[in-house]
Amino acid sequence: MVVVYIQERDGAFTEVFRTEVVLNSLNPTWITKYTITYQFEIVQILLFRVFDIDTQFHNVEVKMLKLEEQQSLGEASCALSEIVSKPNRSLILDLVQREESVPSTHSQHQGKLTVHAEECFSSKTTAEMTLKCLNLESKDLFSKSDPFLVISKVVESGMSIPVCKTEVSKNDLNPTWKPVFLNIQQVGSKDSPLVIECFNFNSNGKHDLIGKVQKSLADLEKLHTGREGENLFLPTPVGHDNQNKALKSKLFVEKYSETVQYTFLDYLAAGFELNFMVAIDFTASNGNPRLPDSLHYIDPSGRLNAYQKAIYEVGEVLQFYDADKRFPAWGFGARPIDGPVSHCFNLNGSSNYCEVEGIQGIMMAYTSALFNVSLAGPTLFGHVINRAAMIASQSLANDAKKYFVLLIITDGVITDLQETKDALVKASDLPLSILIVGVGGADFKEMEILDADKGERLESSTGRVASRDIVQFVPFRDVQNGPSVVQELLAELPSQFLAYMRSREIKPCS
């Protein structure tokens with residue numbers, strides 16, 4: 001019998017499932033299945049323990065079996081993403097015996113366990129909705145509001161994570177937005193709560209909340225069939241008796257349909273990869289790396305600084321989707337030994353190649369770069385974005401099944417806003433997403449502009465508009481909040497990947 005455990009947030013393992021008992025076999029195949037929700041943005045560790053069930057217990061229901069009375073045949077663990085990123089979604093694991101239970105004469109070879117995953121049909125279902133609002137309040141003094149919607153899923157911690165947004169409807173109190181697409185599995189299920197917020201767009205990044213509703217996809221489908229509207233509400237300040245203030249404004253679901261579409265996992269099964277790249281800010285505003293108040297300070301106790309934490313937490317999730325685990329890594333805004341200030345230099349110190357081995361390789365190259373460059377400035381993003389775009393564009397020309405993810409970690413306000421916008425607009429046609437993490441206490445207003453989440457698509461200096469939103473920005477202010485910050489940063493990646501594949505009509509064709 002196999003017993004499956006899942007690692008919880010606190011590191012402890014919880015039993016979630018037991019297979020049936022296969023009698024008298026050294027090569028058993030179990031047929032009982034276990035359904036688990038795959039979450040791209042976190043590392044889901046699974047532990048498999050194999051037990052030999054004694055003959056006297058063969059008539060006992062598996063749930064009732066006491067594991068301490070059975071003989072352990074070995075165990076193995078892996079991340080769920082390791083299974084789903086294999087082309088045939090099968091992973092072969094070596095079973096090992098935990099040290100304390102091994103008699104010295106016992107052989108270490110415990111056999112192998114093959115784990116196979118398949119995607120439930122429901123997860124291929126995508127809901128397409130056309131949403132409109134009536135009677136929105138005007139938030140602007142001299143014109144009507146410029147409304148847009150943000151749809152978020154509510155996660156276990158109660159936090160809401162944005163999964164999709166509409167465009168901004170200019171000067172309109174009764175807007176109808178373009179259709180939005182939501183993968184049902186991505187939001188949990190048809191009954192999972194969604195928060196739909198309507199904002200008035202402001203170019204300074206401080207958007208006003210006009211009103212919101214909390215509904216599941218099932219509720220939204222009902223609104224569509226019943227042709228009814230739902231009143232928006234505004235949360236009232238804590239301490240007031242009635243929790244929410246109902247508004248005259250209403251949300252309507254003009255169209256609602258469900259279709260089966262290729263999913264992110266279909267592309268992984270067909271051999272598509274995500275390639276991770278990182279660019280680190282070495283400008284002087286980070287402070288002298290040798291002093292404890294510097295954002296680049298390497299703590300002898302081993303406690304990670306914000307840069308290390310961001311590399312580790314994002315890399316930990318993405319590494320499983322990259323077969324060779326060789327990651328391009330750059331620095332910017334510093335003066336390498338004997339040279340002028342560089343806005344894109346190889347973190348490993350090489351003049352020929354930029355790749356390092358694994359997440360550990362990035363961490364080591366980062367630490368050694370701190371002792372081999374002098375921090376300078378200004379903060380320019382254009383160079384590293386163009387460099388990443390060049391790699392993505394070469395890969396595209398070679399017809400490779402690759403999608404690139406560039407993580408930029410920075411402490412400051414960028415000096416080349418227009419050049420960065422130009423580089424991003426050009427890159428929006430490529431298989432590339434850019435994650436920006438802001439560390440330290442700077443004002444990151446301009447980053448919000450680059451992340452077109454709550455506003456309009458970026459426009460280049462020649463007036464060209466980005467073909468899609470490829471930037472996700474989060475401030476890393478509260479490092480204690482690590483996991484949820486990283487979840488928020490990565491939550492949109494599968495949809496950005498799919499938007500690119502669909503716009504190019506690239507099918508997984510496994």
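Sequence positions, counted from 1, serve as the residue numbers for this chain. Only a predicted model underlies this, so the values are computations on that prediction, with no experimental measurement involved. For the numbers below, each heavy atom of this structure counts, side chains included, while hydrogens, waters and symmetry mates do not.
Residues Pro162 and Glu492 share a closest heavy-atom pair of O-CG, 4.2 Å. The shortest non-hydrogen separation linking Leu450 to Leu458 is O-CD1, 3.7 Å. The two residues Thr35 and Cys120 make their nearest non-hydrogen contact at CG2-SG, 3.9 Å. Contact record, Ser77 with Leu93: O-CD2, 4.0 Å, taken as the closest heavy-atom pair. When every heavy atom of Glu488 is checked against every heavy atom of Gln472, the shortest pair comes out as O-NE2, 3.5 Å.
When the side chain to side chain donor-acceptor pair (under 3.5 Å) test is applied to Glu15, the partners found at least two apart in sequence or on another chain are Arg18. For Lys222, the side chain to side chain donor-acceptor pair (under 3.5 Å) criterion is met by no residue, not counting sequence neighbours. In terms of the ring pair (Phe, Tyr, Trp, His ring centres under 6.0 Å) criterion, residue partners of Phe17 (sequence neighbours excluded) are, by chain and number, Tyr34. Lys170 is linked by a side chain to side chain donor-acceptor pair (under 3.5 Å) to Glu456, counting only residues two or more places apart in sequence or in another chain. In this structure Ser216 satisfies the side chain to side chain donor-acceptor pair (under 3.5 Å) test together with Asp219, sequence neighbours excluded.
Under a cut-off of 6.0 angstrom, the local environment of NZ in Lys426 is sparse, with at most 12 non-hydrogen atoms contributed by other residues, nucleotides or ligands. For CD of Gln360, the number of neighbouring non-hydrogen atoms (other residues, nucleotides, ligands) closer than 6.0 Å is 12 at most. Other residues, nucleotides and ligands contribute at most 12 non-hydrogen atoms within 6.0 Å of the CG atom of Asn27. Atom CE of Met364 is surrounded by 12 or fewer heavy atoms from other residues, nucleotides or ligands within 6.0 Å.
A distance of 9.5 Å separates SG of Cys354 from CZ of Arg326, quoted to the nearest 0.5 Å. Atom CD1 of Ile434 sits about 9.5 Å away from atom CE of Met277, to the nearest 0.5 Å. A distance of 8.5 Å separates OG of Ser189 from CD1 of Ile184, quoted to the nearest 0.5 Å. If you take CD on Glu197 and CZ on Phe148, they are separated by 9.5 Å, rounding to the nearest 0.5 Å. For the atom pair CD1 (Ile83) and CG (Asn88), the distance works out to 11.5 Å, reported to the nearest 0.5 Å. To the nearest 0.5 angstrom, Cys344 atom SG is 9.5 Å from Phe332 atom CZ.
Side chains of Tyr353 and Asn348 form a contact here, defined as non-hydrogen atoms less than 4.5 Å apart. Counting heavy atoms from C-beta on, the side chains of Leu131 and Leu149 come closer than 4.5 Å. Considering only heavy atoms from C-beta on, Met1 comes within 4.5 Å of Val62 through its side chain. Side-chain contact check for Tyr312 versus Gln308: every heavy-atom pair is 4.5 Å or farther apart. A heavy-atom distance below 4.5 Å is not found between the side chains of Lys190 and Thr125. For the pair Asp429/Tyr500, no side-chain contact is recorded, criterion being any heavy-atom separation below 4.5 Å from C-beta on. Residues Phe404 and Ser433 have side chains not in contact (no heavy-atom distance under 4.5 Å, counting atoms from C-beta outward). Contact check for Val195 versus Lys212: side-chain heavy atoms found under the 4.5 Å cut-off.
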Using ring-ring contact (aromatic ring centres under 6.0 Å, His included), reason through Phe345 and Phe282 one step at a time and then give a plain yes or no. CA-CA 10 Å; Phe345 56 88; Phe282 283 90; 5.7 Å; yes

Run Thr19 and Thr32 through side-chain hydrogen bond (donor to acceptor under 3.5 Å, both in side chains) and show every step you take. CA-CA 6 Å; Thr19 63; Thr32 323; 5.7 Å; no

Output, in order, the C-alpha distance, side-chain angles, deciding distance and verdict of side chain to side chain contact (heavy atoms under 4.5 Å, CB included) for Phe51 and Leu73. CA-CA 5 Å; Phe51 290 92; Leu73 295 176; over 6 Å; no

How far apart are the C-alpha atoms of Thr29 and Val22, what are their side-chain angles, what is the distance that settles it, and do they pass the side chain to side chain contact (heavy atoms under 4.5 Å, CB included) test? CA-CA 8 Å; Thr29 298; Val22 174; over 6 Å; no

Should Trp177 and Ser169 be marked as a side chain to side chain contact (heavy atoms under 4.5 Å, CB included) after you check the CA-CA gap, both sets of side-chain angles, and the distance that decides it? CA-CA 7 Å; Trp177 290 278; Ser169 187; 3.8 Å; yes

Which is it for Ile6 and Ile45 under the side chain to side chain contact (heavy atoms under 4.5 Å, CB included) test, yes or no, and what are the steps along the way? CA-CA 6 Å; Ile6 286 183; Ile45 300 288; over 6 Å; no

Verdict with supporting geometry, Gln44 and Ser81, side-chain hydrogen bond (donor to acceptor under 3.5 Å, both in side chains): CA-CA 7 Å; Gln44 296 164 283; Ser81 39; over 6 Å; no

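Taking the ring centre of Tyr5 as origin, the terminal cationic atom of Arg49 falls inside the region bounded by 6.0 Å and 45° from the ring axis.
Aromatic rings from Phe264 and Phe40 are positioned such that their centres are separated by under 6.0 Å. Taking the centre of each ring, His207 and Phe201 come in below the 6.0 Å mark. A centroid separation of less than 6.0 Å is found between the aromatic rings of Phe444 and Phe473.
Relative orientation of the Tyr267 and Phe497 rings is perpendicular, given thresholds of 30° and 60° on the angle between their planes. Ring pair His296/Tyr366 is tilted by interplanar angle, where 30° to 60° counts as tilted.
Residues Glu20 and Lys33 are not paired through a salt bridge, judged by the lack of any N-O separation under 4.0 Å between the basic side chain and the carboxylate. The residues Arg89 and Asp266 are annotated as salt-bridged, a charged nitrogen and a carboxylate oxygen being separated by less than 4.0 angstrom. Salt-bridge formation is detected for the pair Glu119/Lys124: a Lys NZ or Arg NE/NH1/NH2 atom is positioned less than 4.0 Å from an Asp or Glu carboxylate oxygen.
Arg457 places no side-chain N or O within donor-acceptor distance of the main-chain N or O of Val425, the cut-off being under 3.5 Å. No donor-acceptor pair under 3.5 Å is formed between the side chain of Gln214 and the backbone N or O of Ile196. Looking only at distances, a side-chain donor or acceptor of Asp422 sits under 3.5 Å from a matching main-chain atom of Ser461. A distance-only check finds no donor-acceptor pair linking the side chain of Glu357 to the backbone of Gly361 [under 3.5 Å]. For the pair Asn200 (side chain) and Asp146 (backbone), a donor-acceptor distance under 3.5 Å is present.
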Could you pull out every donor-acceptor pair under 3.5 Å between side chains of residues 379-396 and any protein atom, sequence neighbours left out?
residue, atom, partner, partner atom, Å
Asn386, ND2, Gly382, O, 3.2

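Tyr256 and Glu254 form no side-chain donor-acceptor contact under 3.5 Å, judged by distance and modelled atom types alone. Checked by atom type, the side-chain pair Asn346/Ser350 shows no donor-acceptor distance below 3.5 Å.
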